[in-house]
Asker: 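Quick one: the structure is below, and I'll ask about it shortly.
Ligands are counted one by one from 1 in listed order, and the atoms in each one are counted from 1 as well.
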Amino acid sequence: MASPDTDVSDLVDSLSLDEKCSLVRGAADPEGTATGYVPGVPRLDIPEFRLADGPLGIRIPGRSSTAFPASIAVASTFDPELARRQGVAMAREAKASGQHAVLGPGLNLIRVPNCGRNFEYYAEDPVVTADFAAAVVEGIQSEDVLATPKHYVANNQETKRLVVSAEVGERALRELYLPGFEAAVEAGAGSVMTAYNRVNGTHMSDHRRLVTEVLKDEWGFDGYVVSDWFGTESAVGAATAGLDLEMPGISLEALHEAFGLDPDAEMLEEGDDESIPAGETTTPRFATELKSAVESGAVPADRLDDMVARILGQMARIGLLDGDWGDGGALDTPDHRDLAETLAARGTVLLKNDDGSLPLSDDADVALVGPGVAEAMLGGGGSSEVTPAREVSALEGIRARTDGSVAFEPGVERVVTPSFFDDGPADGDDHADDFPGGKTPDIDAAADCAREADVAVVVVRDATTEGADRETLRLPGEQDELVAAVADAAARTVVVVQSGGPVELPWRDSVDAIVESWYPGQADGDALASVLYGDADPSGRLPVTFAPEDSYPTAAEERFPGVGEEAQYDEGVFVGYRHFDAADADDEPTYPFGHGLSYATFEYGDAEVRGDDAVAVEVTNASDRDGREVVQAYVRPPAVAGVERPMRELAGYAAVEVAAGETETVELSLSEHAFRRYDDSEGWTVDAGEYVVEVGRSSRDVRAETTVSR
Ligand code: NOJ
């Protein structure tokens with residue numbers, strides 16, 4: 001890591017007011033590569049500064065880069081080291097395109113299963129979110145590229161995202177929504193992006209308490225805070241609240257032109273919503289109002305100096321002010337391709353596998369059914385869209401792997417992910433409307449095809465996007481009918497679900513195996529084939545609970561999408577498995593948090609406490625194939641009168657390779673986060689007493705128990 005050896009305070013002193021103002025707001029990138037661009041000050045050798053979108057890869061208009069799996073798939077690996085490597089790879093790709101900052105990771109907690117951007121986030125659990133966010137940040141920053149964890153904070157839905165106020169209590173903020181950001185800051189993030197929404201009535205770009213008092217003062221964040229694009233509500237409010245850089249700093253029309261944005265994309269709901277007067281949300285504020293606000297004293301001059309110093313400080317930190325930046329960039333390398341495939345395979349979750357239906361035998365004759373099997377599932381729509389140089393569809397991946405025959409039927413109409421971009425990878429225009437072999441969608445033909453094969457593999461998918469939430473957790477179109485028809489006809493049916501978050505699986509009892517592969521990115525078909533044929537032991541685990549839509553705590557309208565402009569977070573800390581585990585929850589999860597099967601069989605020994613904050617357990621692979629197990633530890637707190645706590649909270653986990661017949665001792669460190677609770681008057685509190693530590697395969701599959709005291 002480069003040290004900030006250039007004295008930025010001298011530089012700040014040498015800048016005129018106009019120059020300072022030009023450094024804290026975006027402008028149009030003359031090169032057209034950056035999502036956000038700051039022109040620099042040539043007079044003082046301050047170079048241009050470029051920010052590129054993530055978090056699933058680097059998005060550069062007109063160029064290709066590695067399309068990694070969705071972040072929810074990355075979290076499903078339960079292996080933060082892989083996320084760190086992804087951060088390194090993304091940073092190298094950013095460098096190769098002259099981009100100094102990556103606009104990622106996205107790390108909002110998955111509160112609402114319908115959220116259109118869940119694929120860009122990690123988990124419904126704060127420990128998993130914090131671990132993965134920190135790992136990606138560490139990877140990005142280790143290459144002298146700035147990470148930008150986003151969207152700070154409580155940006156948990158897309159509906160009315162520009163105006164909705166998350167009405168959230170301090171305890172839930174502290175226990176669930178803030179820890180990921182704090183971990184990202186601790187891991188060295190150079191910048192943080194504010195969210196579009198309000199929190200308890202105050203727009204996040206104007207939120208002095210959360211931006212200045214919590215992020216900067218309490219956590220010691222010394223980087224810069226950047227707005228989301230057009231997310232600045234007022235110049236004075238934002239600058240005095242602690243915002244340091246406004247993006248994009250240009251008009252919506254200029255942005256559309258610069259990026260080939262599809263004018264119909266539901267990016268900003270401009271004009272659609274009576275509460276947002278046309279033009280109101282997309283006026284660059286710093287560009288038009290900051291200078292006069294500093295001149296009038298409404299924004300103190302030393303606040304502007306601090307804004308500039310924070311930006312220049314991060315430019316110095318990565319070596320940009322010394323002309324010492326840019327080595328080590330590389331796009332689409334074999335390493336990056338391999339990593340994209342490893343992440344996609346390890347992030348694939350085997351939800352169900354009756355009678356050893358999987359892995360497939362090498363010579364099985366396969367009926368490959370589904371409208372998307374000839375197109376890799378790259379991601380969702382929106383600012384995270386990446387165009388890869390190569391992509392492998394399920395059809396290509398399975399054809400390359402099998403010794404048997406592969407017959408194909410689409411079954412139903414294509415499911416098209418909306419794109420933000422005219423030439424967007426996700427908009428389907430890249431792919432001919434025709435299915436391979438001139439096939440047409442026909443459920444009966446798909447059932448006939450399935451009947452003749454040894455096994456039917458049905459690939460179904462949803463289509464989610466930034467800017468809109470899912471109206472239902474059902475799969476789009478007639479895909480449920482397709483699965484049911486194939487399951488009826490086939491000797492064996494394996495369903496592969498490619499979704500951005502939890503979906504309902506109404507046919508699950510009539511199929512033999514279900515695989516959740518999220519949005520696997522460019523390596524889709526190769527990763528899928530390696531899991532289906534058992535080249536990789538499926539070791540993905542669910543970072544979100546799968547349950548019927550109406551059983552999530554956010555099923556109530558006042559909680560999601562909210563009434564008027566308020567979403568009530570009055571479920572408090574009872575989000576995800578914390579809700580389903582509560583005694584008064586009516587419904588059982590379909591598949592619980594942490595769930596995921598293996599091809600190997602694991603047996604657990606007794607759990608043993610190690611020191612104050614670790615447990616160890618012996619895990620034996622009792623099968624004749626090598627496996628990869630994700631050992632999880634949950635903490636159950638002692639009862640305290642008058643205090644409602646989740647029944648269990650994830651405290652630690654480890655992904656471990658165990659060879660056939662072998663035993664490994666796995667040590668898990670227990671995060672203090674699982675022991676403490678946030679008390680509105682006392683702050684962080686650890687109740688004295690005995691805590692049960694449950695060690696097992698998921699939040700509902702406990703294999704060993706022990707206790708620790710606090
Ligand atoms: C809006 C999105 O919310 C954010 O994630 C993205 O980085 C910016 N647009 C820039 O594209």
Asker: My understanding is that only one of Thr129, Val214, Asn108 makes a side-chain contact (heavy atoms from CB on, under 4.5 Å) with Phe181; could you say which?
Answerer: Asn108
Asker: Report the part of Arg117 (side chain from C-beta onward, or backbone N, CA, C, O) that has a heavy atom under 4.0 Å from ligand 1; answer both or neither where that applies.
Answerer: side chain
Asker: For the side chain of Arg50 and the backbone of Thr33, is there at least one donor-acceptor N/O pair under 3.5 Å apart?
Answerer: no
Asker: Between Asp228, Leu103, Asn108, which one has a non-hydrogen atom sitting closest to atom 3 (O) of ligand 1?
Answerer: Asp228
Asker: List every atom of ligand 1 that sits less than 4.0 Å from any heavy atom of Arg161, numbering the atoms from 1 in the order shown and giving each element.
Answerer: 3 (O)
Asker: At less than 4.0 angstrom from any non-hydrogen atom of Tyr196, what atoms of ligand 1 do you find?
Answerer: 1 (C), 3 (O)
Asker: Quick one: which of Met193, His151, Arg59 has a heavy atom closest to atom 5 (O) of ligand 1?
Answerer: His151
Asker: If I apply the N/O under 3.5 Å rule, does Trp229 come out as touching ligand 1?
Answerer: no
Asker: Using a 4.0 Å heavy-atom cut-off, which part of Met247 comes near ligand 1: side chain, backbone, both, or neither?
Answerer: neither
Asker: Less than 4.5 Å apart, any side-chain heavy atom of Gln498 and any of Asp524?
Answerer: yes
Asker: Hey, is ligand 1 close enough to Lys150 that some N/O pair sits below 3.5 Å?
Answerer: yes
Asker: Has Trp219 got a side-chain atom pairing as donor or acceptor with Val185's backbone, closer than 3.5 angstrom?
Answerer: no
Asker: Heavy atom of Glu120 under 4.0 Å from ligand 1?
Answerer: no
Asker: Which of the numbered atoms in ligand 1 are under 4.0 angstrom from any heavy atom belonging to Thr35?
Answerer: 10 (C), 11 (O)
Asker: Considering non-hydrogen atoms only, spot the tightest contact between Tyr152 and Leu210 and give its length.
Answerer: OH-O, 2.7 Å
Asker: As an exercise, identify every atom of ligand 1 less than 4.0 angstrom from a heavy atom of Ser383.
Answerer: 2 (C), 4 (C), 5 (O), 6 (C), 11 (O)
Asker: Under the ring pair (Phe, Tyr, Trp, His ring centres under 6.0 Å) rule, what do Phe560 and Tyr552 come out as? Steps first, then yes or no, please.
Answerer: CA-CA 10 Å; Phe560 169 75; Tyr552 288 89; over 10 Å; no
Asker: Asp53 heavy atoms, cut-off 4.0 Å: which ligand 1 atoms fall inside?
Answerer: 6 (C), 7 (O), 10 (C), 11 (O)
Asker: Return the NZ to CD distance between Lys95 and Glu143, rounded to the nearest 0.5 Å.
Answerer: 5.0 Å
Asker: Check His100 against Glu48 and note the closest heavy-atom contact, atom names and distance.
Answerer: CE1-O, 3.4 Å
